[in-house]
Amino acid sequence: MSKKIQAIRGMNDLLPEQSPLWQYFEQQIQSLMRRYGYLEIRTPILEQTALFARSIGEVTDIVEKEMYTFADRNGDSLTLRPEGTASCVRAAMENGLLHNQTQRLWYQGPMFRHERPQKGRYRQFHQVGIEAFGMEGPDIDAEVILLSARLWKALGLFDHVTLELNSLGSLEARRAYRETLVAYFESHHEVLDEDSRRRLSSNPLRILDSKNPDMAEMLAGAPRLLEHLDEASRVHFARLTELLDAAGIPYRLNPRLVRGLDYYSRTVFEWTTTALGSQGTVCAGGRYDGLVEQLGGKPTPAVGFAMGIERLILLLETLDLVPAETRHGPDAYLLAMGERAEQEALLLGERLRDVLPRLTLQVHCGGGGFKSQIKKADRSGARLALILGEDELDRGTLGLKFLREEREQETLPREAMIERLEELLR
RNA sequence: GUGGAUGUAGCUCAGUGGUAGAGCCCCGGAUUGUGGCUCCGGUGGUCGUGGGUUCGAUCCCCAUCAUCCACCCCA
């Protein structure tokens, strides 16, 4: 066993049993994006390491210890993308998409983070994300959230997820608040646990998120982020909540909600669920007005989110929301008995697909007895079995058997069978 | 990176210090061309890997790898 080559830890094969559900999800996404006027962008999964270091933040866990980074043959440091926003911004800038214009973009694909795998968290995982550039008002924040809410409704998830909302304020206000917070924490240094002391210098806002009950009291007395917002951010946030109220989207204000990536400012939000164990965040995003400039572009307001496809698929399965049509077999399964019939069946299959573009048809290959072939027809999930044996071959007919209904088997001439199938497909 | 649990047939799992079992799946038969139900038969395993203890290890010990769950972090 140990001699066999296995997949990389935390990188999973998507098996045929699973792929129809993924395709269903991807179709929902494509339709959703089209309906909101978002256009897809595809970027390479490899980028220069500096792109992620400069955007995500040098001292974040992602950059410090979770990136797949290695040297190219010429010595350049390359990294498999750990998230989509940085690449998207880079590509948009590089191709002039942000020059005096707004953009609504979406992307989808694999991301890579070298973490310990667990339920809902893998080293290669997949995200769908959107990024809206060039719009600074809260209306676009609201649109981004409404778009995600529409997806939950389409998937039947809306009652199973909660929207958590917060504002981090402008970068300046956040920096000032950060200092206030660090001062507060330092005055309670004896209460801080080991993790929190470490974060004091790296990411003090994260300490607010601690689950340690011994720190609960101290945290409750900590200065509130929402009370330290700059005036413009306060107005922006108030307007966003008004818009969500008007649209009937419930949310929970969570002053402790801090996103892990450095580039966020003002609005941040998360859609969470309690049905997945500890990896409960299913979609997260917010505003990152400073990022484009930080990466060398002109100041450009931007807002977006990313959602984890594995987690959403897992959620659909856990809640038994997998649509029945993702489990369907082909419409028909064509059996062929004997060598002569094999050739006929192959050609007949082609003819049927020519004439009936909607038909999904599996032609039996590999021989075998009648019994075993019809058994395979059954196992394929097909509704109909088309039978081409010696008798049918001699008479130029075709048998039609209903595998899932109490109906008489039929025998028809080939051409008549085409019409019959057309009828049945309607 | 830390902690815990688990590695036996393709899958789900029993099992014993004396060279391995069930159910499902797959193949064949009962039924010369008719699946699902039933019955009968069959294929399939270096018991994760390496070492140690022992006359003998799938079982006991150590190491290692992998998977799962949780922490950290995150989608």
Side-chain angles (χ1 to χ4, degrees), chain A residues 1-12 15 17 56 59-66 82-85 108-129 148 161 193-196 198-199 202-203 206 209-212 258-261 269-273 276-286 304-315 333 335-338 341 366 368-394 399-406 409 411:
Chain A
M1 280 294 242
S2 68
K3 276 179 262 173
K4 283 186 184 159
I5 295 176
Q6 291 181 296
I8 312 285
R9 157 178 263 189
M11 306 206 179
N12 304 120
L15 299 176
E17 193 187 13
I56 296 168
V59 295
T60 57
D61 278 17
I62 292 179
V63 171
E64 276 184 341
K65 50 191 193 194
E66 294 176 359
E83 57 103 44
T85 298
Q108 178 259 21
M111 308 294 165
F112 303 84
R113 289 183 203 171
H114 195 277
E115 301 180 276
R116 266 300 253 283
Q118 70 186 71
K119 189 189 184 83
R121 192 178 72 187
Y122 310 99
R123 288 187 173 181
Q124 175 174 338
F125 62 103
H126 297 77
Q127 288 187 332
V128 169
S148 57
V161 290
D193 57 23
E194 197 186 331
D195 269 344
S196 299
R198 181 173 53 78
R199 286 185 206 145
S202 61
N203 197 346
R206 271 254 65 110
D209 232 356
S210 171
K211 293 163 194 161
N212 187 342
V258 178
R259 313 266 43 265
L261 285 49
F269 66 91
E270 265 184 26
W271 289 94
T272 61
T273 175
L276 287 185
S278 69
Q279 308 302 323
T281 301
V282 114
C283 172
F305 67 62
M307 55 179 92
I309 304 184
E310 281 83 357
R311 289 184 187 178
L312 287 164
I313 296 283
L314 217 49
L315 191 54
Y333 190 102
L335 285 60
M337 297 296 300
F370 198 95
K371 191 188 176 75
S372 86
Q373 288 197 29
I374 202 147
K375 197 165 176 171
K376 277 173 179 148
D378 181 39
R379 293 286 157 89
S380 77
R383 178 186 171 203
L384 308 168
L386 296 174
I387 301 170
L388 185 62
E390 304 275 321
D391 292 354
E392 290 83 359
L393 208 53
D394 291 342
L400 172 69
K401 183 181 171 70
F402 294 87
L403 293 170
R404 336 246 147 235
E405 297 148 86
E406 289 295 327
Q409 186 165 329
T411 303

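Letters go in sequence order (proteins before strands), and every chain restarts at 1. Every value quoted in this text rests on a predicted model; they were computed, and no experiment measured them. Side-chain atoms are counted along with the backbone in the values below, which use heavy atoms only and exclude waters and symmetry mates.
- Here the side chain of Arg113(A) is nearest to one of rG28(B), rC69(B), rC74(B), namely rC74(B).
- The base of rC65(B) does not come close enough to the side chain of Arg9(A) for any donor and acceptor atom to sit less than 3.5 Å apart.
- Comparing the same atom, C1', in rU6(B) and in rU12(B) gives a spacing of 14 Å after rounding to whole Å.
- Residue Glu310(A) is out of contact with every strand shown, counting any heavy-atom pair closer than 4.0 Å.
- With sequence neighbours left out, the side chain to side chain contact (heavy atoms under 4.5 Å, CB included) criterion links Glu17(A) to no other residue.
- With P as the reference atom, rG35(B) and rG29(B) are 12 Å apart, rounded to whole Å.
- Screening Met11(A), Glu83(A), Arg123(A) for a side-chain contact (heavy atoms from CB on, under 4.5 Å) with Phe112(A), the sole residue that qualifies is Met11(A).
- Two residues are said to be in side-chain contact when any heavy atoms from C-beta on lie closer than 4.5 Å; Leu386(A) and Leu335(A) fail this criterion.
- Note that the CE atom of Met111(A) and the CD1 atom of Ile309(A) stand 8.5 Å from one another [nearest 0.5 Å].
- Looking at every heavy atom in both residues, Phe269(A) comes nearest to Gly286(A) through CE2-N, 3.8 Å.
- Here the C1' atom of nucleotide rG36(B) and the CZ atom of Arg379(A) are 8 Å apart, to the nearest Å.
- What you find for Glu310(A) and Phe125(A) is that their closest heavy atoms are OE2-CA, 3.4 Å.
- Nearest heavy atoms, Glu270(A) versus Ala284(A): CG-CB, 3.6 Å.
- Taking for each of Gly280(A) and Gln118(A) the nucleotide of RNA chain B with the nearest heavy atom, the 5'-most of the two is the partner of Gln118(A).
- Distance from the side chain of Lys376(A) is smallest to rC27(B) among rC69(B), rC27(B), rG28(B).
- What separates CG of Leu403(A) from P of rU34(B) is a distance of 14 Å, to the nearest Å.
- Comparing the same atom, C1', in rG15(B) and in rU58(B) gives a spacing of 10 Å after rounding to whole Å.
- Residue contacts for Ala377(A): at a heavy-atom cut-off of 4.0 Å it reaches no nucleic acid atom on any strand shown.
- A donor-acceptor contact under 3.5 angstrom links the side-chain atoms of Arg121(A) to the base of rC72(B).
- Look at Lys371(A) and you'll find a side-chain N or O under 4.0 angstrom from OP1 or OP2 of rG35(B).
- Between Ala7(A) and Lys401(A), the residue anchored closer to the 5' end of RNA chain B is Lys401(A), taking for each the nucleotide with the nearest heavy atom.
- A distance of about 26 Å separates the P atoms of rC11(B) and rU19(B), rounded to the whole Å.
- The same atom, C1', is picked in rA66(B) and in rU8(B); the two are 15 Å apart, to the nearest Å.
- Heavy atoms of Gly120(A) sit under 4.0 angstrom from at least one base atom.
- Taking only distance into account, the side chain of Glu392(A) meets the base of rG33(B) through a donor-acceptor pair shorter than 3.5 Å.
- Distance CZ (Arg123(A)) to C1' (rU67(B)): 13 Å, rounded to an integer number of Å.
- Counting heavy atoms from C-beta outward, Arg311(A) and Thr281(A) have side chains that approach closer than 4.5 Å.
- For the C1' atom pair drawn from rA9(B) and rC24(B), the interatomic distance equals 12 Å after rounding to whole Å.
- Proximity of residues 382-389 of chain A to RNA chain B (heavy atom under 4.0 angstrom from any strand atom) is restricted to Ile387(A), Gly389(A).
- Separating the CD atom of Glu66(A) from the P atom of rC73(B) is a distance of 10 Å, rounded to the nearest angstrom.
- Rounded to an integer number of Å, the gap from NZ of Lys65(A) to C1' of rC71(B) is 11 Å.
- Put simply, CD on Gln279(A) is 11 Å from P on rA75(B), counting in whole angstrom units.
- Residues Gly84(A) and Gln127(A) come closest through the heavy atom pair N-OE1, 4.1 Å.
- Across the P atoms, rU67(B) and rC26(B) are found 29 Å apart, a figure rounded to whole Å.
- Closest of all the heavy-atom pairs between Val258(A) and Arg206(A) is O-NH1, 3.4 Å.
- Atom P of rC40(B) sits at a distance of 45 Å from the matching atom of rC62(B), rounded to the whole Å.
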One pair to check against salt bridge (Lys or Arg N to Asp or Glu O under 4.0 Å): Arg383(A) and Glu405(A). What are the steps and the verdict? CA-CA 8 Å; Arg383(A) 178 186 171 203; Glu405(A) 297 148 86; 2.9 Å; yes

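- Taking all atoms of both residues into account, the shortest heavy-atom contact from Gly368(A) to Gln373(A) is O-NE2, 3.1 Å.
- Not one side-chain nitrogen or oxygen of Gln127(A) sits closer than 4.0 Å to the OP1 or OP2 atom of rA75(B).
- A donor N or O paired with an acceptor N or O is not found under 3.5 Å between the base of rU34(B) and the side-chain atoms of Gln373(A).
- Distance, Asp391(A) CG to rG33(B) P: 12 Å, rounded to whole Å.
- Within 4.0 Å (heavy atoms only), Gly10(A) reaches sugar-phosphate atoms of the nucleic acid but no base atom.
- The distance from atom OH of Tyr333(A) to atom P of rG36(B) is 15 Å, rounded to the nearest whole Å.
- Helical stems of RNA chain B (runs of at least 3 Watson-Crick or G-U pairs, donor-acceptor distances under 3.5 Å) are listed by first residue: B:1-7 with B:65-71, B:10-13 with B:21-24, B:26-30 with B:38-42, B:48-52 with B:60-64.
- As judged by a 4.0 angstrom heavy-atom cut-off over every strand, Tyr122(A) is placed among the base-contacting residues.
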